[in-house]
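The next block holds one structure in the form of C-alpha cells; read it before the comments.
Numbers here are sequence positions counted from 1. Not measured: the values here are computed from a predicted model. Just so you know, ligand 1 is whichever comes first in the structure, and atom 1 is the first atom listed for that ligand.
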Amino acid sequence: MKQYSKRMVIVHWLTLALLIAAWFLGDSLADATDDSKATLAGYITHIAAGAAILLLTVTRLLFRSQDGTPPAMGLTAMDKVARGIHHALYTALFVLPVSGVLTLATSDAGKALLAGDANLLPKKDGYEHVFAHGMHEQLVTVLIVLVAVHLLGAIKHQFITKDDLMSRMLLRRKA
Ligand code: HEM
Ligand code: HEM
C-alpha cells in the first residue's frame with residue numbers, strides 16, 4: 001500500500017473543513033456570550049459541527065483499522081515525532097468534542113437547550129466556574145498547535161525533502 005485509502009483521504013480533508021467551521025462558530029458563540037447575546041441557533045450550529053467531527057473521528061479510526069496505513073516514511077527521530085503528532089491529533093479530535101459535551105452537561109447551556117429557552121443561556125462570565133469550559137478552551141489551543149506542527153511537517157516534505165509525501169493523502173491514485 002502506497003497511499004491512504006480513498007475513504008481515509010476524504011475523511012482527513014472533511015475533518016479539516018469541519019474543524020475550521022467549528023472553530024469559527026465556537027469563537028462567534030464565545031463573543032456572543034461575552035455580549036450576553038448568545039442564541040440557541042448559535043449553539044446548535046456549533047454543536048452540529050463539533051458532533052460531526054466526533055462522529056467522523058470514530059468512523060475514521062474504524063476505517064484505519066480495516067484499511068491500514070502506508071508504511072512509515074522512515075525511522076528517523078523526526079518520523080517518530082510525526083507519528084506521535086498523528087496519535088496526539090486523534091486524541092485531541094476525540095477529547096475536544098467530549099469536553100464540549102461536558103461543558104453543556106455542567107453549565108446552564110444544557111438546561112437552556114433542553115428547555116428550548118434562550119433566556120436560560122449563560123451570559124457574560126456565565127462560564128467562569130465551569131471547569132469543562134476552561135478545558136474546552138485549552139484543548140482548542142492544543143489542537144491548533146498540533147495542526148500547525150503537522151502542517152509545517154507537510155510543508156517540509158513538499159518543498160524541502162520533496163519526497164512526494166503529500167500524494168499519500170490525495171485522492172489521485174499513483175500507478
Ligand atoms: C472539534 C470540535 C470543536 C471545536 C474545534 C470547538 C471549538 C470551540 C471554540 C473555539 C469555542 C470558544 C471558546 C472560548 O473562547 O470561550 C467553543 C465553545 C464552546 N463549545 Fe466547542 N468546539 C468543538 C466541539 C464542541 C461540541 C461537540 C460541543 C457540545 C456538544 C461544544 C460545545 C461548546 C460550548 C457549550 C462552548 C461555550 C460557548 C461559549 O463560550 O459561549 N463544542 N468551542
Ligand atoms: C492543514 C492542512 C493539512 C495538511 C497539508 C495535511 C497533510 C497530511 C499528510 C500529507 C498526511 C500523510 C502523512 C503520512 O503519510 O505519513 C497526513 C496525515 C494525517 N493528518 Fe493531516 N494534513 C492537514 C490537516 C490535518 C488536520 C486538520 C488534522 C486533524 C486535526 C490532520 C490529521 C492527520 C492525521 C491524524 C494523519 C495520520 C493519518 C493516519 O496515519 O491515520 N491533518 N496529513
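Proximity of Ala51 to ligand 1 is established by a heavy-atom distance of less than 4.0 Å. A heavy-atom separation below 4.0 Å is found between Met166 and ligand 2. Ligand 2 has at least one atom lying under 4.0 Å from a heavy atom of Arg60. Residue contacts with ligand 1 include Leu104, since one or more of its heavy atoms lies under 4.0 Å from the ligand.
Close contacts between ligand 2 and Leu165 involve ligand atoms 10 (C), 14 (C), 15 (O), 16 (O) [criterion: under 4.0 Å to a heavy atom]. Close contacts between ligand 1 and Ile53 involve ligand atoms 1 (C), 2 (C) [criterion: under 4.0 Å to a heavy atom]. Listed by number with element, the atoms of ligand 2 under 4.0 Å from a non-hydrogen atom of Leu19 are 27 (C), 30 (C). Per-residue contacts place Ala30 under 4.0 angstrom from the following atoms of ligand 1 (heavy atoms of the residue considered): 12 (C), 14 (C), 15 (O), 16 (O), 39 (C), 40 (O), 41 (O). Of all atoms in ligand 1, numbered sequentially from 1 with element shown, those under 4.0 Å from a heavy atom of Tyr43 are 35 (C), 41 (O). Ligand 1 places these atoms under 4.0 Å from at least one heavy atom of Val101: 29 (C), 30 (C). Near Met8, meaning under 4.0 Å from any of its heavy atoms, are these atoms of ligand 2: 41 (O). Set against the non-hydrogen atoms of Arg168, the atoms of ligand 2 under 4.0 Å away are 14 (C), 15 (O), 16 (O).
At the shortest separation from atom 13 (C) of ligand 1 among protein heavy atoms lies Glu137 CG, 3.6 Å. Scanning all protein heavy atoms for the shortest distance to atom 39 (C) of ligand 1 gives Tyr127 CE1, 3.4 Å. Looking at atom 40 (O) of ligand 1, its nearest protein heavy atom turns out to be His133 NE2, 2.8 Å. Regarding atom 29 (C) of ligand 2, its nearest protein heavy-atom neighbour is Leu93 CD1, 3.8 Å. Thr33 OG1, 2.4 Å is the protein heavy atom nearest to atom 41 (O) of ligand 1. Distance from atom 12 (C) of ligand 2 to its nearest protein heavy atom, with residue and atom name: Tyr4 CE1, 3.7 Å.
The side chain to side chain contact (heavy atoms under 4.5 Å, CB included) test applied to Thr91 returns Val95, not counting sequence neighbours.
His136 places a side-chain N or O within 3.5 Å of a backbone atom of Leu96 that can act as its donor or acceptor partner. Ser36 contributes a side-chain N or O that, together with a main-chain N or O of Lys124, makes up a donor-acceptor pair within less than 3.5 Å. In this structure, Arg7 contributes its side chain and Tyr4 its backbone to no donor-acceptor pair below 3.5 Å. Here the side chain of His46 pairs a donor or acceptor atom with the backbone of Ala22 at under 3.5 angstrom. Although no hydrogens or angles enter the test, the distance criterion places no donor-acceptor pair under 3.5 Å between the side chain of His133 and the main chain of Thr103. The backbone N or O of Leu170 sits nowhere less than 3.5 Å from a side-chain atom of Trp13 that would complete a donor-acceptor pair.
Across every non-hydrogen atom of Met166 and Ala154, the tightest pair is CE-CB, 4.0 Å.
Linking ILVMFWY residues whenever their side-chain heavy atoms come closer than 4.5 Å, directly or via other members, leaves Val130 and Val98 in distinct clusters. Residues Val142 and Val101 fall into different hydrophobic clusters, defined by Ile, Leu, Val, Met, Phe, Trp and Tyr side chains chained together at heavy-atom separations under 4.5 Å. In this structure, Leu139 is not a member of the same hydrophobic cluster as Tyr127, with clusters built from ILVMFWY side-chain heavy atoms closer than 4.5 Å.
Neither the backbone nor the side chain of Leu146 has a heavy atom within less than 4.0 Å of ligand 2. Under 4.0 Å from ligand 2, the heavy atoms of Trp13 that appear belong solely to its side chain.
Judged purely by distance below 3.5 Å, without hydrogens or angles, the side chains of Asp79 and Thr76 pair a donor atom with an acceptor atom.
Rounded to the nearest 0.5 angstrom, Lys174 NZ and Lys2 NZ are separated by 6.5 Å. Thr45 OG1 to Leu29 CG: the interatomic distance, rounded to the nearest 0.5 Å, is 7.5 Å. How far OG1 of Thr15 is from CG of Leu56: 4.5 Å, rounded to the nearest 0.5 Å. Atom NE2 of residue His157 and atom CG of residue Asp164 lie 11.5 Å apart, to the nearest 0.5 angstrom. In this structure, OG1 in Thr57 is found 12.5 Å from CZ in Arg64, a value given to the nearest 0.5 Å.
Residues Leu54 and Leu93 form no side-chain contact, since every pair of their non-hydrogen atoms from C-beta on lies 4.5 Å or further apart.
Counting heavy atoms only, Trp23 comes closest to atom 10 (C) of ligand 1 of the residues Phe94, Phe24, Trp23.
Protein N, O or S atom count below 2.8 Å of atom 21 (Fe) of ligand 1: the structure gives 2.
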> Can you check side-chain contact (heavy atoms from CB on, under 4.5 Å) on Leu171 and Lys6, steps first, answer last?
Replying inline: CA-CA 6 Å; Leu171 276 180; Lys6 282 191 177 182; 4.0 Å; yes
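Of the N or O atoms in Thr69, none lie within a sub-3.5 Å distance of an N or O in ligand 2.
Taking Ile, Leu, Val, Met, Phe, Trp and Tyr as hydrophobic and joining them when side-chain heavy atoms fall under 4.5 Å apart, one finds Leu151 in a cluster with Ile155, Phe159.
Less than 2.8 Å away from atom 21 (Fe) of ligand 2, the protein contributes these N/O/S atoms: His12 NE2, His150 NE2.
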